[in-house]
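Worksheet for the structure shown next.
In what follows, chains carry the letters A, B, and so on, assigned in the order in which the sequence lines appear, proteins first and then strands, with residues in each chain numbered from 1.
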Amino acid sequence: MNDTIVQIMWWVLAAGALAGAVTVVFSRDVLRMALGLGGFLVALAGFYMYYALPFLATVQVFVYVGGVLVLILFGIMLVHRSEGDARPGLSSRHDPGSAAVAVGILALVTSMLWPLRDVMTERPASAGTKAIADLLLGDLLPHFEAAGALLLIALVAVIVIAGGDDR
Amino acid sequence: MSGLLGGIVFGLVGGVAIALSTMVGVYGERKIAAKIQRRFGPQETGPYGLLQLPADTLKMILKEDITPRQADARIFKIAPYFVFVPIAMGLVVIPVAAGWAALDSSIGILFFLAVPSLSVLGILIAGWSSGNTYATIGGMRGAAQMISYELPRTLSVLAVVILAGSLRPVDVVQAWRWWWIPLNFIGIVVYYISSIAELNRGPFDIPESESELVAGYFADYAGIRWGIFMMSEYGGMLAASLFGAAIFLGTLTWLPGPFGIITFLLGTGVIGSSMIWVKWTFPRMRPDQLMTTAWKVLTPLALVQLVIVGVVVPWL
Amino acid sequence: MNIVVVATALFSVGLYGVLTRRDLIAVLASVEVMLGGASVLLVGLARTIDMPATQLPGGVESVGVLIVVLAAAEAAVALAVVIAAARALSTSRVDEMTEVGG
């Protein structure tokens, strides 16, 4: 019974993520779009938990939902403030060409990875936080330092771009 | 099977705990505030005014459920739950006896820091969907304040994690030593101030200031919906006090065995009461003072604490 | 195989959003959807395929954390640009932002 519930959870997560993504792309209301993005990101964290990566799931929630989503909401509130009513509508220019591109990419990647379906096993065991630390401060140290430098550069860039002309 | 049933039982217990802590917290707040202001608090309903909070709760439940006309009704109604649920989830990983927690996660401390930060979303959404400018401004200020103070809070907890060598709260409690208190003193102060600011309480309550923004982001919420915001504030106070008492002060190990929970609850009560005391003693900070404190005072102090711990750790 | 289809579907939905949405912030949100889809695809593949490269303990989580950091930095800079552009051009719609310079 445990395994069936886990399998159902996977499909619930997949449905949630797809629902969130569709809301982001098709919703006319800006706040519904932001909430759809939030649901999508939480569903992704659920996927990481399913694959037994609790650290990554928590970091996803912390940084993406608690950070990036809040940033996007702030952006919405700051940009749409100049418009008349409180909840302006979002619009899209639906065209079949874009839909063809999107479906085409789906078909392409799926067909490329199709031969791998025999090699895929189900849910191997997880490693601990100590292994992550050993890796990030050991073999992946240049990557770690580069990520830190990237964050610093992004911070300075944001201050310069959004800071105005009085500097 | 015990997983699902145990989860439901703990959910109910946790919900009741938060509701009780809100009642005790609001009663304590009104009595302590009265003491500080040299007057009596509630004293008519029941002996010493003890029935005041149940009476207030009943009144709130019976109030008319108003939704403003220009509000986005569906989102307006679910926004309080966006604030309440993450804070309630944060209570799950706190160790309540030496060696036992409701959710004994190997990354429990990161969970406690990450999940309650989702309530920022609820505040933003509540302010925005109320449909009036003051609520929106209150929501943005509240959100900016909360995400700013997450940084010193996380850094100060990181110092204890380095000392314990694990992100698991049960491990940290078992590795606690008495000399961690003087060693982590700066970290404890930073955590305390950051927690008060995180909850939009005390001298940091600009987003909900009665005299300026008429209760800010939850101005348009009536009756029990306002009650849910209050429950998240006092539930957050409970969570922050429990976490501080367990991880920073190590009160779970002051008495051996299962008696540790007595000192644990006493320590939680002391920290919670001091938060109430601080609120009614200090004047409210201006928004720019608030931001300056977070970025220019508390974050460098937390980093200094990290340096101190980092220097001492090789000698342990 | 399910994870490949689902993750690529998420990526495609995000791609459609980038191509069709008129509002700048909606485009940014769609880019985040694309990033999320690609990240889940990477992690799912790494966790279900038995190769020597994926056997490294803690490797998947480390790379995943680095991806999240990258996405956060990109979102922050993109939002700063969006806000500055929307302020300067007094609009937030992509098809009204046709001038460069000045």
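With rounding to the nearest 0.5 Å, the separation of CG in Leu73(A) from CG in Leu79(C) is 10.0 Å. Here CD of Glu61(C) is found 4.5 Å from CG of Leu53(A). Values are rounded to the nearest 0.5 Å. Considering CD1 of Ile25(C) and CG of Leu37(A), their distance stands at 11.5 Å, rounded to 0.5 Å. Rounding to the nearest 0.5 Å gives a distance of 13.0 Å between OG of Ser98(A) and CZ of Arg21(C). If you take OG1 on Thr20(C) and CZ on Phe26(A), they are separated by 6.5 Å, rounding to the nearest 0.5 Å. Here the OG1-CG distance, from Thr8(C) to Leu108(A), works out to 10.0 Å after rounding to the nearest 0.5 Å.
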Determine, stepwise, if the pair Leu45(C) / Leu113(A) fulfils side chain to side chain contact (heavy atoms under 4.5 Å, CB included).
CA-CA 10 Å; Leu45(C) 278 177; Leu113(A) 292 175; 4.0 Å; yes

**OP:** Evaluate the side chain to side chain contact (heavy atoms under 4.5 Å, CB included) criterion for residues Trp10(A) and Asn2(C): first the C-alpha distance (whole Å), next the side-chain angles of each, then the deciding distance (0.1 Å), finally the verdict.
**Re:** CA-CA 10 Å; Trp10(A) 192 93; Asn2(C) 293 331; 3.4 Å; yes

Checklist entry - Could you walk me through whether Val25(A) and Val33(C) pass the side chain to side chain contact (heavy atoms under 4.5 Å, CB included) check? => result CA-CA 9 Å; Val25(A) 171; Val33(C) 170; 5.7 Å; no

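In this structure the side chain of Val68(C) never reaches within 4.5 angstrom of the side chain of Phe62(A), judged on heavy atoms. In this structure the side chain of Glu32(C) never reaches within 4.5 angstrom of the side chain of Leu41(A), judged on heavy atoms. Between Met33(A) and Asp23(C) there is no side-chain heavy-atom pair separated by less than 4.5 Å. Between Thr48(C) and Tyr51(A), some side-chain heavy-atom pair lies under the 4.5 Å cut-off. At least one side-chain heavy atom of Phe47(A) sits less than 4.5 Å from a side-chain heavy atom of Ile3(C).
Closest non-hydrogen pair, Ala80(C) versus Ile161(A), comes out as O-CG2, 3.6 Å. Closest approach of Leu151(A) to Ala73(C), counting heavy atoms only: CD2-CB, 4.0 Å.
Between chain A and the residues Val65(C), Val69(C), Leu10(C), Val77(C), the most heavy-atom pairs under 4.5 angstrom are made by Leu10(C). Ranked by heavy-atom pairs under 4.5 Å with chain A, the first of Ile83(C), Val40(C), Val27(C) is Val40(C). Top candidate by heavy-atom pairs under 4.5 Å with chain A, chosen from Ala7(C), Ala29(C), Gly59(C), Gly37(C), is Ala29(C). With chain C as the partner, the residue from Ala146(A), Ala14(A), Ala102(A), Gly104(A) showing the most heavy-atom pairs under 4.5 Å is Ala102(A). Chosen from Ala78(C), Gly14(C), Ala86(C), Ala76(C), the residue pairing most often with chain A at heavy-atom distances under 4.5 Å is Ala76(C). Here Ser62(C) is the residue among Ala72(C), Ser62(C), Ala9(C) with the most heavy-atom pairs under 4.5 Å with chain A. Considering only heavy-atom pairs separated by less than 4.5 Å from chain C, the leading option among Thr110(A), Val22(A), Val68(A) is Val68(A).
Both the backbone and the side chain of Phe55(A) come within less than 4.5 Å of a heavy atom in chain C. Of the atoms belonging to Leu15(C), it is side-chain heavy atoms, and not backbone ones, that fall under 4.5 Å from chain A. Proximity to chain C (any heavy atom under 4.5 Å) is restricted, for Trp11(A), to the side chain, taken from C-beta onward. For a residue to count as touching a neighbouring chain, one of its non-hydrogen atoms must lie under 4.5 Å from one of that chain's; by this rule Val4(C) touches chain A with the side chain only. Neither the backbone nor the side chain of Ile67(C) comes within less than 4.5 Å of any heavy atom in chain A. Contacts of Val43(C) with chain A are made by side-chain atoms alone, with heavy-atom separations under 4.5 Å and no backbone atom involved. Contacts of Thr23(A) with chain C are made by backbone atoms alone, with heavy-atom separations under 4.5 Å and no side-chain atom involved. The contact between Leu140(A) and chain C is made entirely by side chain atoms (from C-beta outward), counting heavy-atom distances below 4.5 Å. Contacts between Leu70(C) and chain A at a heavy-atom distance below 4.5 Å involve backbone atoms as well as side-chain atoms.
Surrounding CZ of Phe74(A) are more than 12 heavy atoms belonging to other residues, nucleotides or ligands, all under 6.0 Å away.
Counted by atom type alone, Ser39(C) and Tyr48(A) present one or more donor-acceptor pairs between their side chains at under 3.5 Å.
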